[in-house]
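The next block holds one structure in the form of structure tokens; read it before the comments.
Reckoned from all heavy atoms, side chains included, excluding hydrogens, waters and symmetry mates.
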Amino acid sequence: WPAAPRRVHTAPLTSDAAVQIALTCNADIASEYARLGIARAEAFQASRLSNPKLNVAALDSSARGAPPQIELGFVQNFTNLILRSPRTRFAEGEFLRAQQLLAGRVLRLAAYFTREGAPDAALDLLERLLDNRPSEPLVYFELYKALTALDRFADAAEALALFEQLQPSVSASAHAV
């Protein structure tokens, strides 16, 4: 891991620095990033076909004047061909799952920042998350909480409206209570 977060900081800790430290030093997030990398590699590998095999055989006849016999063969694993599509779909599903787990960890970290009085750091995390997952309702709800803590009420209202638009059943039950 980078050595920079382990150094003693003489300057005040900015929200960007806090986010960078959290993303690089948090063991849960680091394990999710590792899982994401493995899932990405497995999805790539699942979409590939195994290398075909080429066989060449030359038989020299012992009969006088007979031409040599040459045999060519091309072999591809038929099972791999048949199972390639389901194997690829499964691996892509696992990659999507790894993305969702990582997003959940980052979302929990943003909620922690907001709770602990660092909503600007939470806002930085949430904006990064929105770059990758713009249709995730819970990101907008956490964004609403961070913006409210920063007294940015107009932006918070917009985030809440987007949350309700993406998650209408939750917002309807919340208003009923």
Side-chain angles (χ1 to χ4, degrees), residues 1-47 85-177:
W1 294 103
R6 294 186 183 116
R7 284 188 260 147
V8 175
H9 293 280
T10 56
L13 186 64
T14 65
S15 66
D16 284 340
V19 166
Q20 194 61 38
I21 290 169
L23 289 176
T24 56
C25 294
N26 184 301
D28 290 337
I29 290 177
S31 70
E32 293 302 333
Y33 268 117
R35 184 175 291 141
L36 181 66
I38 292 168
R40 178 181 289 140
E42 287 177 348
F44 175 75
Q45 186 65 32
S47 67
S85 180
R87 190 177 62 235
T88 300
R89 282 194 310 271
F90 177 77
E92 287 171 350
E94 288 299 306
F95 178 61
L96 179 61
R97 180 177 170 271
Q99 287 177 318
Q100 291 170 340
L101 289 171
L102 176 60
R105 295 274 187 201
V106 173
L107 193 59
R108 284 192 289 281
L109 183 60
Y112 172 80
F113 278 148
T114 301
R115 264 192 328 272
E116 296 301 316
D120 50 343
L123 188 60
D124 286 346
L125 269 177
L126 293 166
E127 287 171 349
R128 291 179 189 201
L129 202 51
L130 282 173
D131 288 342
N132 296 310
R133 305 188 65 79
S135 60
E136 184 65 43
L138 292 177
V139 177
Y140 288 100
F141 188 70
E142 286 302 326
L143 185 63
Y144 158 75
K145 293 192 303 188
L147 289 168
T148 300
L150 290 168
D151 295 333
R152 292 175 50 186
F153 299 114
D155 293 332
E158 186 178 334
L160 186 59
L162 286 168
F163 166 73
E164 289 174 342
Q165 179 182 352
L166 291 171
Q167 192 84 15
S169 60
V170 171
S171 61
S173 63
H175 288 301
V177 174

CZ/Phe113 to CG/Leu109 distance, rounded to the nearest 0.5 angstrom? 4.5 Å

Give, for atom CG of Leu123 and atom CZ of Arg152, the distance between the pair rounded to the nearest 0.5 Å. 5.5 Å

Note: Ala146 and Pro119 closest approach over all heavy atoms is O-CB, 3.6 Å

Separation between CG of Leu162 and CG of Leu130, rounded to the nearest 0.5 Å: 9.0 Å

Check ion pair Glu92-Arg89 (N to O, under 4.0 angstrom): no

Shortest non-hydrogen contact between Glu42 and Ala91, atoms and distance: O-CB, 3.8 Å

Heavy-atom side-chain contact between Phe44 and Arg40 under 4.5 Å: no

Does Arg108, at its CZ atom, have more than 12 non-hydrogen atoms belonging to other residues, nucleotides or ligands within less than 6.0 Å? yes

Kindly indicate, with the supporting measurements, whether the criterion side chain to side chain contact (heavy atoms under 4.5 Å, CB included) is fulfilled by Asn26 and Arg105. CA-CA 10 Å; Asn26 184 301; Arg105 295 274 187 201; 6.0 Å; no

What's the spacing between Leu102 CG and Asp28 CG if we round to 0.5 Å? 11.0 Å

For a quick test of reading the model, state the closest non-hydrogen atom pair linking Thr114 to Ala122 and the distance between them. OG1-CB, 3.2 Å

Side chain to side chain, Leu107 and Leu126, heavy atoms closer than 4.5 Å: yes

Which atom of Ala43 lies closest to which atom of Phe95, heavy atoms considered: CB-CB, 4.5 Å

Check the pair Arg35, Ser31 against side chain to side chain contact (heavy atoms under 4.5 Å, CB included), reporting the backbone distance first and the verdict last. CA-CA 6 Å; Arg35 184 175 291 141; Ser31 70; 5.5 Å; no

Using only atom types and a distance under 3.5 Å, with no angle test, would you say the side chain of Thr88 pairs donor to acceptor with the backbone of Ala46? yes

Residues passing the salt bridge (Lys or Arg N to Asp or Glu O under 4.0 Å) test with Glu136, sequence neighbours excluded, are Arg133

Backbone N or O of Ala161 within a donor-acceptor pair of the Tyr144 side chain at under 3.5 Å? no

If you define the side chain from C-beta out and look only at heavy atoms, does anything of Gln99 sit under 4.5 Å from Asn132? no

First locate atom CD of Gln45, then atom CD1 of Ile38, and finally report the distance between them rounded to the nearest 0.5 Å. 14.0 Å

Write down the atom of Ala156, the atom of Thr148, and the distance for their closest heavy-atom approach. CB-OG1, 3.4 Å

Taking the side chain as everything from C-beta on, heavy atoms only, tell me whether Leu160 gets closer than 4.5 Å to Tyr140. no

Spacing of Leu96 atom CG and Glu94 atom CD [to the nearest 0.5 Å]: 9.5 Å

